[in-house]
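Both ligands and their constituent atoms are indexed starting at 1 by order of listing.
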Amino acid sequence: MTPIPETHVLLTGGAGFIGSHLVDGLLARPATRVTVLDKLTYAGARENLAAHDEDPRFAFVHGDVAESAVVMPLVATADHVIHAAAETHVDRSIEGAAPFIATNVTGTHVLLDACRRTGTAMLMVSTDEVYGENAPGGPGFVEGAPMRPRSPYAASKAAAELLCGAWFATYGSVVTVVRGTNAFGPRQFPEKVIPVYTLAALEGRELPVYGRGEQRREWLFVTDWVAGCLAAMERGAPGAVYNIGAGRELPNLELARRICGLTGADEALVTFVADRAGHDFRYGIDASKLEALGWSPRRSFEDALAETVAWYRDHRDWVRARLAGAGTAG
Ligand code: NAD
């Protein structure tokens, strides 16, 4: 029997939320090796990868994607790069955008150049926030819609995407982009909305809901999100962009109430707080282009939300360790 050729994936940001689930998804495949490059910022944790420490197909490198001396030799040994490392929290980008420019823009440039020099294919993990705000009830954005980012975070991701498009057009780089909707699931840093609401509800504290809770977000369980990335990596066209969506859209207030229901918390704990500056009302994307590659979500929102809430209830040490290293939360 002919052995299956081995694929070596270099994954940036693999110690973060989606990154660690990407490692799980990649190593579940035969003949796949994964090297994670991660700076271990407040959002990254070595502990998120502990399940793979004994696997000889897994390696971890502590380093910065914006340093070409670190990136170049790693890219040279890889068949494929998945670039998921980023500064990701919108509120932090409003407080100070410099780390977002350094990691999300300069880091992407460094990776693109390394991939160009070595002829390595790259998947750029981006966000639906690059589209900017969508109208209430309007159709989902398709990939050809203009990018109109409104937060410093979204602008830094749009800048990174524009670099990817330029490297494809100018140098023929094999780069594909995914724009994902909001992911949720275990190991999401406890400053993002689902863990923040869940931990508050579990601890009997107020659930802080921005504005009047009318903003709508589309939620997709992280394993489905990861499967969308891998479908685009394996079957997507170079130079193309794919939305990862088809999740459940609901207003933040309803999300908070559902989490109260799952934890047994009193809905009176839901508290309205001052709205985020420039808070996008909704995104709303059309995922049919990715679905045409044979991808579709597997998990129901209700089951996945219950599983996620239970995970946070059962992993309080993980939460404490993350918050102890982070300085802020919420
Ligand atoms: P996260 O904040 O949980 O993790 C980010 C990871 O990147 C961390 O492990 C961190 O240590 C690492 N990192 C940060 N700066 C780095 C640098 N300079 N060099 C190397 N590593 C660095 O992020 P996430 O929520 O898992 O998001 C992963 C990717 O998916 C990001 O590119 C994000 O823009 C994108 N995305 C996320 C969502 C979501 O809902 N979480 C939605 C759309 C797109």
Side-chain angles (χ1 to χ4, degrees), residues 10-25 35-49 60-68 70-71 74 81-93 98-111 122-131 149 151-161 164 177-195 217-222 224-226 228-229 232 241-245 247 280 283 285 287 308 318 322 325-326 329:
L10 173 67
L11 168 62
T12 72
F17 164 51
I18 291 173
S20 65
H21 288 274
L22 273 164
V23 176
D24 295 346
T35 298
V36 164
L37 169 63
D38 199 295
K39 191 178 173 183
L40 296 178
T41 68
Y42 76 95
R46 197 61 191 76
E47 188 184 343
N48 288 344
L49 299 166
F60 181 83
V61 177
H62 183 199
D64 189 334
V65 288
E67 284 185 25
S68 62
V70 173
V71 166
L74 293 172
V81 171
I82 302 180
H83 178 31
E87 288 290 339
T88 61
H89 192 42
V90 173
D91 291 348
R92 287 178 187 260
S93 80
F100 290 73
I101 307 304
T103 290
N104 302 3
V105 185
T106 303
T108 301
H109 167 235
V110 167
L111 274 167
M122 175 168 139
L123 180 76
M124 169 72 203
V125 180
S126 188
T127 170
D128 62 358
E129 299 193 31
V130 298
Y131 291 116
S151 73
Y153 162 67
S156 71
K157 296 295 287 189
E161 279 200 36
C164 292
V177 174
V178 284
R179 289 183 187 146
T181 189
N182 281 53
F184 72 102
R187 306 196 290 262
Q188 187 167 32
F189 191 82
E191 65 186 353
K192 304 280 170 62
V193 63
I194 286 187
R217 291 293 177 269
E218 182 182 334
W219 293 102
L220 186 67
F221 193 55
V222 65
D224 283 326
W225 210 104
V226 159
C229 285
V241 177
Y242 296 89
N243 289 336
I244 310 176
D280 291 337
Y283 301 107
I285 51 176
T308 303
W318 181 95
R322 300 290 77 72

Atom pairs and distances, ligand 1 N/O vs protein N/O under 3.5 Å:
residue  : atom   : partner : partner atom : Å
ligand 1 : 2 (O)  : T88     : OG1          : 2.7
ligand 1 : 3 (O)  : F17     : N            : 3.1
ligand 1 : 9 (O)  : G16     : N            : 2.9
ligand 1 : 9 (O)  : D38     : OD1          : 3.3
ligand 1 : 9 (O)  : D38     : OD2          : 2.6
ligand 1 : 11 (O) : D38     : OD1          : 2.6
ligand 1 : 11 (O) : L40     : N            : 3.4
ligand 1 : 11 (O) : T41     : N            : 3.0
ligand 1 : 11 (O) : T41     : OG1          : 3.2
ligand 1 : 18 (N) : D64     : OD1          : 2.9
ligand 1 : 18 (N) : T103    : OG1          : 2.9
ligand 1 : 19 (N) : V65     : N            : 3.0
ligand 1 : 21 (N) : K39     : N            : 3.0
ligand 1 : 26 (O) : F17     : N            : 3.4
ligand 1 : 26 (O) : I18     : N            : 2.7
ligand 1 : 32 (O) : A84     : O            : 3.0
ligand 1 : 32 (O) : V125    : O            : 3.4
ligand 1 : 32 (O) : K157    : NZ           : 2.7
ligand 1 : 34 (O) : Y153    : OH           : 2.7
ligand 1 : 34 (O) : K157    : NZ           : 3.0
ligand 1 : 40 (O) : A183    : N            : 2.8

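When L11, L37, L10 are each tested for a side chain to side chain contact (heavy atoms under 4.5 Å, CB included) with V81, only one passes: L10.
Annotation for L220 and I244: closest pair CD2-CG2, 3.6 Å, computed over non-hydrogen atoms.
For K192, the side chain to side chain contact (heavy atoms under 4.5 Å, CB included) test picks out T88, H89, Q188, P195, with sequence neighbours left out. With sequence neighbours left out, F221 forms a ring-ring contact (aromatic ring centres under 6.0 Å, His included) with F184. Among residues two or more places apart in sequence or in another chain, the side chain to side chain contact (heavy atoms under 4.5 Å, CB included) test is passed with T108 by H83, L112, M122, M124, A160, C164.
Under the 4.0 Å criterion applied to side-chain N and carboxylate O atoms, R322 and E191 are not assigned as salt-bridge partners.
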